Each structure stands twice: as structure tokens, then as C-alpha cells.
Amino acid sequence: MTLRLPDANGALRAYEPRSEPLALNPGSAFTSRTVFSAAHVVADPYADTTPDGPAAVDWDATLAFRRHLWAHGLGVAEAMDTAQRGMGLDWAGAAELIRRSAAEAKAVGGRIACGVGTDQLAAGTLEEVRRAYEEQLAVVEESGAQAILMASRALAATARGPEDYLEVYGHLLRQAAEPVVLHWLGPMFDPALEGYWGSSDLDAATDTFLEVIAAHPDKVDGVKISLLDARREVDLRRRLPQGVRCYTGDDFHYPELIAGDEQGFSHALLGIFDPLGPLAAEAVRVLDTGNTEGFRALLDPTVALSRHLFQAPTRFYKTGVVFLAWLAGHQDHFAMVGGLQSARSLPHFARAYELADGLGLFPDPKLAEERMRTLLSLYGVSQ
């Protein structure tokens, strides 16, 4: 049955939902690339919460979604910005998420890496920033997960220049028990991170970033680059020390960056692989066979959806990710911690539904259609 969907101008247009999903089956881990999906958290819709209060998480549904990703061969990047770190999920909630997800990963044999930040600290001295990082690093290492050193709002506010980044990161890398992933998150994802690595000049910032890595290459498994600039990522990738991986975090150009060129390729740690998980996994398994064209044929059509979800203000992409999880049947409601379900408009949701449905992402297209009708009705759109 035809749906009436609102466009960006408020006009209603007809859309005919597809009737069959893509056939995407669970599978084993990949051989040619290391691929993580950052994963969202499922809110407890029955908890009596406020937007600025502690998050209430539905742990059963949250862990079930991680099992879904692991079943398709993907690693899980836990407690990252996709999980609403600093946008609804505080450090206490993130620590619990890390412990529970790491235990679940161990139980099912899934790969997991977890975010280490300083979000228990609003601001402070350089020493306080370092101690905040250390506290979180200890939690992740005690859980048995790999650590991802995330960019710190507190460090961005406190650091006087590149030398402070070199000091803090050097200290953390020296004490890390195992090689970590360094995460460079651009200000389009978090405006508080403007000028990270000591400069708003990205060339100068890149030099400092590479200096941190060059001083401790044995402690850096890889770097995650989230700048939405494919050329800069490729240039940086080619300057990495031997053995240090580049994990693309570019949700605009990921097919070409993962496919690579004659001089190398990027692995992946992507928020868009939360809704794309099964399709992304199928594409990487095709790439494992050496079939780059087949990989691109599967993944290139998904870029329009990703660019839509990550459109400015980019930091609100989480709303679209959770919306699609609800439509796909991974959770029973469209509520988010911090009330972030209100961060996008009805036309945005309508376009996200149309693009995802067109790709065949919904395991049960009829369920997705019914839930979309429910949302439209709540907004006053009659069918």
C-alpha cells in the first residue's frame, strides 16, 4: 500500500514500499579488512527520566543488538559517540555499558573495542585530564576489551598547544597494556573538539597527531579518522608507520577508502555500519575474495543514506541510526537517552525510511511500513 511521505518543503509525496528485503545471512569474520561497527544504545522507555539526568538503558535490547552485529562478523566499537557519549550517556552509564558488552563479547566470541575518554570531567587541569583518561583506561583494560583513546573535550579546552597533547597522549600510551586505537574526531561531530591536536590548521594538527604515533608505534594498533575528508585520510594513511592501521571513520566516503588503491587501504570503524551491518558485512566478504567491483556495487548505493543521516548538524546522526533500528525491529520503541529522538524532523525521518527501504535493509518490510505509518500518524499525517 502506498505511503504518503512529507518532503523537505512540507508537501506529501507517494512512496511504494518494497515487499521483500535483501537476503543477508550471518557469517564469519573477515580476512581482508578489520571492520568495527560503532553501536547505539537502546533506552528504557518506561524509566522516569529527564533529558539532563542519568540515562536509563534497556540492557537486554542493547546487548541483543551487539549480538546481531557479531553474528554478521562485525566487531563492535563500544561506548563511542554513536552510543551517545556526551549526548545523553554519562561516564557512569558508559562504564556499565563497557563492562556488560565486554562480558557478552567474551561469552559469544565477538570482537570488541571500547571508548576511553574524559567525560566524567567537565573541565580541569592537564593533570586532571590525564587522571580522567587513566580511570577510563583501567575500566576498559579490566573488562578485557581493546581501548580506543577518544578525543577529549576537557583536553581541547585545557591544552595550551601541541606540546600538551604530546604529553598527555605520550603518558597514556606508555602505560597502556596493549596497543590502542587513537581516535581523531572532527568538530563536525563535536564542536567542542575544534582545534584538536593544538591547532585549527589541519596540516599542523596532522603533524602533531603523527608525532604522537611515531613516538610510540608499538602501542598504536591503528588510528580512526573522522574528518569527512577522504583526501586527507589517504594522505595521512600513507604517512603512518609500518604496522599501524588506518580505520576510516568517514561516513561520506567509506566505500572508496575501504576498497583502497595501489598504495593501501583503510580498515573501518563506522557509525553507519550500525544500520548497514548485514549489508556491509556481505560487501566485505565479497571484497575478501578480491572482487573490488562487487564490493563497490553493494556498498556504493548506501552512501546516499549515510550522507542523509550524517547531514549537518552531523552530531545528530545518532537519531537516524536509532530510528532505523526501530523500523528494522531491533527495538520495540523509538525513544532515546537524553530525549534525542526529537533531534531530527519528520521529513528527515521520511527520507531515511525511503532510502533504507529502497536498499532492502529492513528484515521485515511490512513491520517497517507499519511503524512508519504510526510515526506519520503521530505527526498528524493521514494516509
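Predicted model only: the values in this text are computed from it and were never measured. Sequential numbering from 1 along the given sequence is applied to the chain's residues.
For CD of E127, the number of neighbouring non-hydrogen atoms (other residues, nucleotides, ligands) closer than 6.0 Å is greater than 12. Within 6.0 Å of the CD atom in E178, the count of heavy atoms belonging to other residues, nucleotides or ligands does not exceed 12. At most 12 heavy atoms of other shown residues, nucleotides or ligands fall within 6.0 angstrom of atom CZ in R160. Counting non-hydrogen atoms of neighbouring residues, nucleotides and ligands closer than 6.0 angstrom, the CG atom of D218 exceeds 12 such neighbours.
Looking at Y317, its side chain never comes within 3.5 Å of a backbone N or O of F189 through a donor-acceptor pair. Between the side chain of H72 and the main chain of L74, no donor-acceptor pair closer than 3.5 Å is present. Side-chain atoms of K318 never come within 3.5 Å of backbone atoms of A83 as a donor-acceptor pair (strictly under, hydrogens ignored). Proximity of a side-chain donor or acceptor of T62 to a complementary backbone N or O of V42 within less than 3.5 Å is detected. Judged purely by atom type and a 3.5 angstrom limit, R245 has no side-chain atom pairing as donor or acceptor with the backbone of A268. The backbone N or O of P365 lies less than 3.5 Å from no partner atom in the side chain of R18, so there is not a single donor-acceptor pair. Looking only at distances, a side-chain donor or acceptor of T314 sits under 3.5 Å from a matching main-chain atom of F310. Judged by distance alone, with hydrogens and angles left aside, the side-chain atoms of D119 form no donor-acceptor pair with the main-chain N or O of D90 at under 3.5 Å. At distances below 3.5 Å, at least one donor-acceptor pair connects side-chain atoms of E128 with backbone N or O atoms of T125. Checked by atom type and distance alone, the side chain of T158 pairs as donor or acceptor with a backbone atom of G124 at under 3.5 Å.
Y254 and T302 are linked by a side-chain donor-acceptor pair at a separation below 3.5 angstrom, with hydrogens and angles left out of the test. W70 and E104 share no side-chain donor-acceptor pair at under 3.5 Å. Side-chain contact annotation: T289 with N291, donor-acceptor N/O pair under 3.5 Å absent. Counting only N and O atoms by type, the side chains of H171 and E134 include a donor and acceptor under 3.5 Å apart. In the model, E194 has a side-chain atom that pairs as donor or acceptor with a side-chain atom of S200 under 3.5 Å.
The distance from the OG1 atom of T208 to the CH2 atom of W184 is 8.5 Å, given to the nearest 0.5 Å. Considering CD of E135 and OG1 of T118, their distance stands at 10.5 Å, rounded to 0.5 Å. Here the CE atom belonging to M372 is positioned 11.0 Å from the CD atom belonging to E369, to the nearest 0.5 angstrom. Note that the CG atom of L172 and the NZ atom of K219 stand 10.5 Å from one another [nearest 0.5 Å]. Rounding to the nearest 0.5 angstrom, the gap separating the CD1 atom in I148 from the OH atom in Y247 is 8.5 Å. The CG atom of L359 lies 5.0 Å from the CG atom of L361; values are rounded to the nearest 0.5 Å.
F323 and L89 sit in two unconnected hydrophobic clusters of ILVMFWY residues. Membership requires side-chain heavy atoms under 4.5 Å apart, directly or through other members. No continuous path of ILVMFWY side-chain contacts below 4.5 Å connects L227 to F36, so the two sit in separate hydrophobic clusters. Using a 4.5 Å cut-off between side-chain heavy atoms of Ile, Leu, Val, Met, Phe, Trp and Tyr, with links allowed through other members, F209 and V129 fall into the same hydrophobic cluster.
Of all non-hydrogen atoms in L367 and G329, the two that sit nearest each other are CD2-CA, 3.9 Å. Here the closest heavy-atom approach between residue V140 and residue A147 is recorded as CG1-CA, 3.8 Å. Listed here is the closest heavy atom pair of A47 and A56: CB-CB, 3.3 Å. Residues S226 and L185 share a closest heavy-atom pair of CB-CD1, 3.7 Å. Considering every non-hydrogen atom in both S143 and I98, the closest pair reads OG-CG2, 3.9 Å. Across E211 and L166, no two heavy atoms sit closer than the pair OE2-CD1, 3.6 Å.
Considering only heavy atoms from C-beta on, E78 stays 4.5 Å or farther from Q146 through its side chain.
Aromatic ring centroids of H267 and F265 lie under 6.0 Å apart. With ring centers used as reference points, Y165 lies under 6.0 Å from Y196. With ring centers used as reference points, F334 lies under 6.0 Å from F349.
Residue pairs meeting the ring pair (Phe, Tyr, Trp, His ring centres under 6.0 Å) criterion with at least one partner in residues 354-383, sequence neighbours excluded, are Y353-F362.
Cluster partners of L378, using a side-chain heavy-atom cutoff of under 4.5 Å among ILVMFWY residues and allowing indirect links: none.
The pair K224-E233 does not meet the salt-bridge criterion, since no charged nitrogen lies less than 4.0 angstrom from a carboxylate oxygen. Salt-bridge formation is not detected for the pair D235/R239: no Lys NZ or Arg NE/NH1/NH2 atom is positioned less than 4.0 Å from an Asp or Glu carboxylate oxygen.
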(request) Could you check W197 against Y169 for ring-ring contact (aromatic ring centres under 6.0 Å, His included), going step by step and ending with a plain yes or no? (result) CA-CA 10 Å; W197 305 110; Y169 277 89; 4.6 Å; yes
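With T319 as the partner, the side-chain contact (heavy atoms from CB on, under 4.5 Å) test is satisfied by one option alone out of M336, Q84, H40: M336.
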